[in-house]
Amino acid sequence: MTDTLSSSPSLPAAALATCRAVLFDLDGTIADTAPDLAAAVNKMRRVRGLPEVPLQRLRPLASAGARGLLGGAFGIGPHDPDFSAMREEFLANYEADLCIDTTLFDGIRPLLDGLSARGIQWGIVTNKIERLALPLVARLGLGAAAGCVIGGDTTPYPKPHPAPLLLAAQRLGIAPTSAVYVGDDLRDIEAGTAVGMMTVAAAYGYCGNEGTPFDWAADHVVETTTELQRLFGVVAE
């Protein structure tokens with residue numbers, strides 16, 4: 001493994017030579033989904049006669065999905081008696097308006113195109129459930145090119161459990177150690193490390209409240225998608 005860096009011009013030649021696939025988290029890594037996630041939970045607040053929570057307060061929680069957004073908007077967690085019903089309400093709101101203001105982060109599409117042009121497979125491993133992840137990836141125009149899309153309920157366990165990444169490697173026909181995992185949450189780095197993947201923390205993403213990406217012991221930290229392109233030797237235009 002390499003030293004953690006705030007910015008790296010590229011992966012070491014040996015790492016690039018053995019890299020057969022790059023796997024990405026979805027929310028906060030490939031796509032900026034926070035506006036639509038925040039809208040779903042703020043719709044819940046409006047119907048209850050409550051003021052909306054500003055996007056900038058909810059944005060860091062977006063990678064944690066319903067748990068993070070409901071916690072930020074209502075101060076409740078999975079152990080609260082109302083959580084299950086409110087989670088379903090949130091998911092229904094989000095599913096109805098899944099891709100209104102969601103966009104790919106600048107630089108992501110050329111990065112994915114560049115990886116494909118070099119014969120490096122790429123896929124998505126997210127904790128977003130399949131009924132949301134699969135149509136969202138399709139609406140973003142990535143469905144046909146992705147080597148795999150693993151949702152939070154594709155395996156019995158979501159990240160940080162290693163099962164989703166192991167299944168992704170299996171579907172791509174590679175050893176887990178020949179892949180790199182890129183994510184913007186501590187759980188992403190923990191899952192990647194658990195299966196022996198090189199890990200990249202996307203500090204441009206949402207990143208949650210569990211320290212900073214520089215605290216997560218990732219192999220690399222990138223602060224922009226331009227740095228991410230350089231890391232994989234894809235020249236930014």
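When a residue number appears, it is its place in the shown sequence, counting from 1. Quantities reported herein were computed from a predicted structural model and do not represent experimental measurements.
- Under 4.0 Å is where a charged nitrogen must lie from a carboxylate oxygen, and between Arg118 and Asp113 no such pair does.
- Counting only heavy atoms from C-beta outward, the side chains of Val222 and Arg230 never approach each other to under 4.5 Å.
- For the residue pair Thr212 / Asp215, a side-chain donor-acceptor distance below 3.5 Å is found, with atom types taken as modelled.
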Subject >> Verdict with reasoning, Leu23 to Ile124, per side-chain contact (heavy atoms from CB on, under 4.5 Å) >> reply: CA-CA 5 Å; Leu23 297 169; Ile124 295 170; over 6 Å; no

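- Annotation for Leu69 and Ala62: closest pair CD2-CA, 3.6 Å, computed over non-hydrogen atoms.
- A search for ring-ring contact (aromatic ring centres under 6.0 Å, His included) contacts involving Phe105 returns Tyr204, not counting sequence neighbours.
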Subject >> Check against side-chain contact (heavy atoms from CB on, under 4.5 Å), Met197 and Val182 >> reply: CA-CA 10 Å; Met197 291 183 183; Val182 185; over 6 Å; no

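- Across every non-hydrogen atom of Pro160 and Glu190, the tightest pair is CB-OE1, 3.5 Å.
- Residues Leu98 and Met44 share a single hydrophobic cluster, defined by chaining ILVMFWY side chains whose heavy atoms lie under 4.5 Å apart.
- The distance from the OG1 atom of Thr193 to the CG atom of Asp219 is 6.5 Å, given to the nearest 0.5 Å.
- Checking each of Leu231, Leu115, Leu228 against Val22 for a side-chain contact (heavy atoms from CB on, under 4.5 Å) leaves exactly one that passes, namely Leu115.
- Proximity of Leu142 to Trp122: side-chain heavy atoms (C-beta onward) are separated by under 4.5 Å at one or more points.
- For the pair Leu136/Leu26, a side-chain contact is recorded, criterion being any heavy-atom separation below 4.5 Å from C-beta on.
- Note: Asp32 CG to Ile108 CD1 = 11.0 Å, rounded to the nearest 0.5 Å.
- Annotation for Val234 and Pro110: closest pair CG1-O, 3.8 Å, computed over non-hydrogen atoms.
- Both the sub-6.0 Å distance and the 45° axial angle are satisfied by Arg45 relative to the ring of Phe74.
- The two residues Ala194 and Pro162 come nearest to each other via the heavy atoms CB-CB, 4.2 Å.
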**OP:** Show the numbers, then the answer: is there a side chain to side chain donor-acceptor pair (under 3.5 Å) between Tyr94 and Lys43?
**Re:** CA-CA 10 Å; Tyr94 182 51; Lys43 182 177 180 180; over 6 Å; no

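- The backbone N or O of Glu223 sits less than 3.5 Å from a side-chain atom of Glu227, completing a donor-acceptor pair.
- Between the side chain of Gln121 and the main chain of Leu172, a donor-acceptor pair closer than 3.5 Å is present.
- One finds the CD1 atom of Ile120 at 11.5 Å from the CG atom of Leu112 (value rounded to the nearest 0.5 Å).
- Summarising the geometry of Val180 relative to Cys19, their closest heavy-atom pair is CG2-SG, 3.9 Å, with the distance given to 0.1 Å.
- For the residue pair Ala202 and Cys207, the shortest heavy atom distance occurs at O-SG, 3.6 Å.
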**OP:** Apply salt bridge (charged side-chain N to carboxylate O under 4.0 Å, His left out) to Asp80 and Arg87, showing your working.
**Re:** CA-CA 11 Å; Asp80 287 277; Arg87 177 180 181 272; over 6 Å; no

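- Transitive grouping of hydrophobic side chains (ILVMFWY, heavy atoms separated by less than 4.5 Å) brings Ile174 and Leu167 into a common cluster.
- Atom CG of Leu37 and atom CG of Leu58 lie 9.5 Å apart (nearest 0.5 Å).
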**OP:** Determine, stepwise, if the pair Asp25 / Lys159 fulfils salt bridge (charged side-chain N to carboxylate O under 4.0 Å, His left out).
**Re:** CA-CA 10 Å; Asp25 177 48; Lys159 298 173 296 181; 3.0 Å; yes

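- With Ser63 as the partner, the side chain to side chain donor-acceptor pair (under 3.5 Å) test is satisfied by one option alone out of Asp185, Thr33, Asp184, Asp188: Asp184.
- The structure places CG of Leu104 at 7.5 Å from CD1 of Ile30, a figure rounded to the nearest 0.5 Å.
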**OP:** List the steps, then state whether salt bridge (charged side-chain N to carboxylate O under 4.0 Å, His left out) holds for Glu89 with Arg48.
**Re:** CA-CA 12 Å; Glu89 181 182 352; Arg48 290 165 173 79; 2.8 Å; yes

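- Judged by distance alone, the side chains of Asp36 and Thr102 do bring a donor and an acceptor atom under 3.5 Å apart.
- Think of Ile189 as one node in a network of Ile, Leu, Val, Met, Phe, Trp and Tyr side chains linked at under 4.5 Å; its network also takes in Leu186, Trp216.
- Leu111 has its side chain out of reach of Thr225: every pair of non-hydrogen atoms, C-beta onward, lies at least 4.5 Å apart.
- Tracing side-chain contacts under 4.5 Å through hydrophobic residues (I, L, V, M, F, W, Y), one never reaches Val53 starting from Leu55; they form parts of separate clusters.
- Between Tyr206 and Leu61 the shortest side-chain heavy-atom distance does not fall below 4.5 Å.
- In the displayed structure, Asp106 atom CG is contacted under 6.0 Å by at most 12 heavy atoms of other residues, nucleotides or ligands.
- With hydrogens and angles disregarded, no donor-acceptor distance shorter than 3.5 Å links the side chain of Ser178 to the backbone of Arg20.
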Original post:
Step by step, would you call Val149 with Glu130 a side-chain contact (heavy atoms from CB on, under 4.5 Å)?
Top reply: CA-CA 8 Å; Val149 179; Glu130 279 194 358; over 6 Å; no

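- Listed by first and then second residue, the ring-ring contact (aromatic ring centres under 6.0 Å, His included) pairs that reach into residues 125-173 are Tyr157-His161, sequence neighbours excluded.
- Taking 4.5 Å as the limit, every side-chain heavy atom of Asp27 sits out of range of all side-chain heavy atoms of Asn127.
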**OP:** Decide side-chain contact (heavy atoms from CB on, under 4.5 Å) for Ile150 and Leu165; before the verdict, give the C-alpha distance in whole Å, the side-chain angles of both, and the deciding distance to 0.1 Å.
**Re:** CA-CA 8 Å; Ile150 307 298; Leu165 288 177; over 6 Å; no

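- A donor-acceptor contact shorter than 3.5 Å is absent between the side chain of Thr199 and the backbone of Tyr181.
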